[in-house]
Amino acid sequence: MRPGNLFKDFMIETNRQVVTSTGRVANSHCGDGSKTLKGCLSEASDKDRTKYSQEEHIVTHTIVQAGGPKAKIADKLVLGERTFYIVDLDEAGSLGISTIYYAEERRDVK
């Protein structure tokens, strides 16, 4: 492991759909900092980018967490000034041992 790849606390902001004043449905993320996960952040491999990316969301990073999933697809993870949008997740082995989140780092979202 590299020194920067230690486990870090990510704040989870859940995805909610809201109706705007114009009547359109929009996604809104909210969280008060009480829901967190401890995970290890790394850049996504080329294999992960091609397998898990979607049309509008390109996987840039993977986050590995011990235990079952605490966040869902379309949730937002916040680490300091960095923001990650969960594109896909893999509950490795479906035994609750570890979870891999495939995420897109978003610089345009706060």
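The shown structure was predicted, so the numbers you read here are calculated from the model rather than taken from an experiment.
Residue Lys70 holds its NZ atom at 15.0 Å from NZ of Lys72, rounded to the nearest 0.5 Å. The distance from the CZ atom of Arg107 to the OG1 atom of Thr83 is 10.0 Å, given to the nearest 0.5 Å. Separating the CG atom in Leu37 from the OG1 atom in Thr99 is a distance of 9.0 Å, to the nearest 0.5 Å. How far CD of Glu43 is from OG of Ser45: 10.5 Å, rounded to the nearest 0.5 Å. Rounding to the nearest 0.5 Å gives a distance of 10.5 Å between OG1 of Thr50 and CD1 of Ile58. Note that CD of Glu56 is 8.5 Å distant from OH of Tyr85, once rounded to the nearest 0.5 Å.
Residue Tyr102 forms a side chain to side chain contact (heavy atoms under 4.5 Å, CB included) with just one option from Val59, Ile86, Leu89, Ile63, and that option is Val59. Test Lys8, Glu105, Met11 against Leu79 for side chain to side chain contact (heavy atoms under 4.5 Å, CB included) and you get one pass: Lys8.
Annotation for Arg49 and Ser53: closest pair O-OG, 2.5 Å, computed over non-hydrogen atoms.
Shown here are the ring pair (Phe, Tyr, Trp, His ring centres under 6.0 Å) partners of Phe84, two or more places apart in sequence or in another chain: His61.
For the pair Thr60 (side chain) and Ala44 (backbone), a donor-acceptor distance under 3.5 Å is absent.
Listed by first and then second residue, the salt bridge (charged side-chain N to carboxylate O under 4.0 Å, His left out) pairs that reach into residues 87-102 come to none, sequence neighbours excluded.
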